[in-house]
Amino acid sequence: MSASISRIALLFLLFSLWSCKQTNPPPNIIIIYLDDLGYGDVSAYQQGTLQTPEMDKLAMGGMRFSNGHASSATCTPSRYALLTGQYPWRNAQAKISTGANLIIDTLQMTLPKMLRQQNYKTGIVGKWHLGLGKDSIDYNRRISPGPNEVGFDYAYIMADTQDRVPTVYIENGRVVNLEPNDPLAVNFKQNFPGEPTGWDNPELLTTRWHHGHYNSIVNGISRIGFMKGGKSAYWSDVDMADHFLEKATEYIQENQHQPFFLFYSLQQPHVPRTPHPRFVGSSKMGPRGDAILEADWCIGSLYNTLESLGLLENTLIILSSDNGPVLNDGYYDDAVEKLGDHTPSGIFRGGKYSLFEAGTRVPFIAYWKGKIKPRTSDKLISQIDLFNSLASLVDSPLSSQDGLDLSQLLTTGSGPEREDIILEASGRTALKNKNWVLIPPYPGNAVSKYTEVELGNAPDYQLYNLAEDPEQQDNLAGTATDTLEALKAKYNAIISTLD
Ligand code: NG6
Ligand code: CA
């Protein structure tokens with residue numbers, strides 16, 4: 001009798017394990033990564049005046065982190081940290097990248113490599129900005145190493161940024177639509193003789209440059225860097241959002257019957273802001289606001305694709321931004337003039353390039369229909385934690401040097417949490433520890449001359465208590481001296497682990 005009961009119990013257990021495996025295949029993972037989107041640019045964060053209904057749908061239907069950080073206040077280092085789980089200040093190359101040299105070592109473990117080991121298909125569509133090739137790039141041959149060599153099965157990218165040459169798409173290492181009889185040449189040091197530039201030929205511009213961005217002209221916009229030839233491959237700026245969306249949608253359709261990872265890396269609202277004509281005027285804030293609404297629409301369209309394919313219940317979507325917001329980042333585009341009451345940084349101080357909070361505190365959302373309940377969390381979490389957290393979610397034994405496994409926090413809002421993090425902005429670092437922020441002394445302008453962002457530089461230590469002073473107006477370094485000394489020691493201990 002008891003033997004047959006235990007046999008039944010064992011069968012039941014095996015059946016439960018089996019059915020659990022059947023009903024819980026590993027989720028698809030999509031990281032939607034915006035470029036320079038601020039904390040206050042998403043209306044679910046209840047800070048600005050823009051309305052972003054599609055991002056709100058993810059924020060209100062999932063986990064909305066109010067204390068989520070990019071690793072850095074600029075693009076390349078944040079992307080490096082996201083894909084490797086390593087602090088970018090450990091890698092001297094992880095600075096804003098232009099042109100040649102892939103920053104991620106091809107031997108290094110990466111998020112897509114880890115997921116590939118777990119039988120995921122891996123793809124990136126959109127901005128790359130982690131360097132390509134080695135030393136120099138011949139755009140007329142297959143460009144390698146690049147995203148394919150660090151773990152992506154499929155890559156449809158722009159190399160750096162929309163404001164840099166070459167203004168072409170690259171699919172799995174090959175420039176798309178390039179004609180062999182019109183080779184593409186790129187140079188970041190000097191112009192090709194006779195080619196027009198924004199500096200010499202302002203009459204050819206439809207968008208005027210404000211600072212930098214006065215080299216080669218494409219589609220009436222002058223860029224960073226010089227380019228010659230390859231004309232059949234040039235992208236259309238106003239169609240870029242639709243183009244990347246189409247590629248991302250195709251990737252999902254093609255891979256829907258197996259676990260897939262998609263890094264959907266949008267170009268908006270980075271400069272030059274070139275919303276499609278159907279979005280022009282939609283925000284009443286000029287191109288920056290219009291580009292955000294365009295990105296919002298793209299995200300809604302991607303969501304609809306997942307819904308119509310029946311994938312929503314089995315797809316974890318993470319949405320975030322690579323760094324904080326900036327208004328004037330090099331072109332006259334009315335971002336400052338038409339801002340109105342909108343607050344891209346929310347209540348926080350600084351923005352892109354800044355060690356103050358708004359440099360790296362960004363929208364951070366985890367959405368998984370039916371799995372993650374709608375909630376908010378004020379727990380500290382960084383994009384640097386995504387490697388370990390996602391590894392844990394897909395049962396990979398791998399972990400990165402600097403990340404934490406916050407998978408529980410990501411999906412339930414409780415569990416282990418992060419106490420401190422090093423923030424990085426253009427090579428400078430600061431410590432955030434619980435509610436405190438310690439910014440060491442740095443030379444240089446307090447306010448960036450052109451972007452007018454407060455950078456966080458000061459001749460002495462700065463210490464802020466975010467619990468009482470989230471706007472970072474009250475420097476307590478002179479009064480909270482015990483805390484100052486304790487945090488200096490913590491900061492030095494972490495920074496001294498630099499390899
Ligand atoms: C800066 C550019 C800025 C932007 C940034 C990269 C100038 C004066 N400024 O050097 O416009 O392209 O690099 O932005 O050239 S990021 O979001 O990709 O890090
Ligand atoms: Ca950026």
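We count ligands from 1, going down the list as the structure has it; atoms in each ligand are counted the same way. All values below were derived from every heavy atom in this structure, side-chain atoms included, with hydrogens, water molecules and symmetry-related copies excluded.
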* To do: Provide the number and element of each atom of ligand 1 under 4.0 Å from a heavy atom of His211.
  => 8 (C)
* Asked: So Phe263 and Phe261, would you call those rings parallel, tilted or perpendicular, with 30° and 60° as cut-offs?
  -> parallel
* Not counting sequence neighbours, which residues clear side chain to side chain contact (heavy atoms under 4.5 Å, CB included) with Gln473? List them please. => Arg349, Asp469, Glu471
* Could you tell me which atoms of ligand 1, counted from 1 in the order shown, lie closer than 4.0 angstrom to a heavy atom of His213? => 7 (C), 9 (N), 11 (O), 15 (O)
* Decide, yes or no, whether a salt bridge links Asp160 with Arg223 under the criterion of side-chain N to carboxylate O below 4.0 Å. => no
* Please identify which atoms of ligand 1 are closer than 4.0 Å to at least one heavy atom of Asp35. => 17 (O)
* **Distance filter under 4.0 Å to Thr161 heavy atoms, resulting ligand 1 atoms** => 18 (O)
* **Lys113 side chain to Thr106 backbone, donor-acceptor under 3.5 Å** => yes
* Structure fact -> Residues at least two apart in sequence or cross-chain that pass side chain to side chain donor-acceptor pair (under 3.5 Å) with Trp436, listed by chain then number, are none
* Show which atoms of ligand 1 fall inside a sub-4.0 Å distance from at least one heavy-atom site of His270. => 4 (C), 6 (C), 12 (O), 14 (O), 16 (S), 17 (O), 18 (O)
* Structure fact -> ligand 1 to His129, heavy atom cutoff 4.0 Å, flagged ligand atoms 18 (O)
* Quick one: look up the protein heavy atom nearest atom 14 (O) of ligand 1 and list residue, atom name and how far away it is. => Lys352 NZ, 2.8 Å
* Asked: Side chain or backbone of Arg223 under 4.0 Å from ligand 1, or both, or neither, by non-hydrogen atoms?
  -> neither
* Asked: Should Cys75 be counted as touching ligand 1, given the test is an N or O pair under 3.5 Å?
  -> yes
* Which one holds for Asp329 and ligand 1: side chain close, backbone close, both close, or neither close, with close meaning a heavy atom under 4.0 Å? -> both
* Asked: For atom 10 (O) of ligand 1, what is the nearest protein heavy atom, given as residue, atom name and distance?
  -> Arg164 NH2, 3.6 Å
* **Nitrogen or oxygen atoms of Thr76 and ligand 1 under 3.5 Å apart** => no
* Is the Phe364 ring parallel, tilted or perpendicular to the Phe65 ring (thresholds 30°, 60°)? -> perpendicular
* Non-neighbouring partners of His276 that pass side chain to side chain contact (heavy atoms under 4.5 Å, CB included), sequence neighbours left out -> Asp239, Asp242, Arg278, Phe279, Glu294
* Please list, in chain and residue-number order, the protein N/O/S atoms closer than 3.0 Å to the Ca ion (ligand 2). => Asp35 OD1, Asp36 OD1, Asp322 OD1, Asp322 OD2, Asn323 OD1
* Would you check if there is a donor-acceptor pair between the side chains of Thr360 and His69 at a distance under 3.5 Å? => yes
* **Side-chain H-bond candidate by donor/acceptor type, Tyr39 with Glu357, under 3.5 Å** => no
* To do: Please determine if Thr74 has a nitrogen or oxygen closer than 3.5 Å to a nitrogen or oxygen of ligand 1.
  => no
* **Donor-acceptor pair between His342 and Asp41 side chains, under 3.5 angstrom** => yes
* To do: I would like to know whether Tyr264 and Phe244 meet ring pair (Phe, Tyr, Trp, His ring centres under 6.0 Å); could you show each step before the answer?
  => CA-CA 8 Å; Tyr264 179 35; Phe244 281 145; 7.9 Å; no
* **Pair Tyr251-Tyr156, side-chain donor/acceptor within less than 3.5 Å** => no
* Using heavy atoms and a threshold below 4.0 Å, how should the contact between Tyr353 and ligand 1 be classified: side chain, backbone, both, or neither? -> side chain
* Flag if over 12 foreign heavy atoms under 6.0 Å of CD, Glu171 -> yes
* **Atoms of ligand 1, numbered as shown, that sit under 4.0 Å from any heavy atom of Ile224** => 15 (O)
* So, Asp153 and Thr122: side-chain donor and acceptor under 3.5 Å apart, yes or no? -> yes
* **Side chain, backbone, both or neither: Asn323 near ligand 1, heavy atoms under 4.0 Å** => side chain
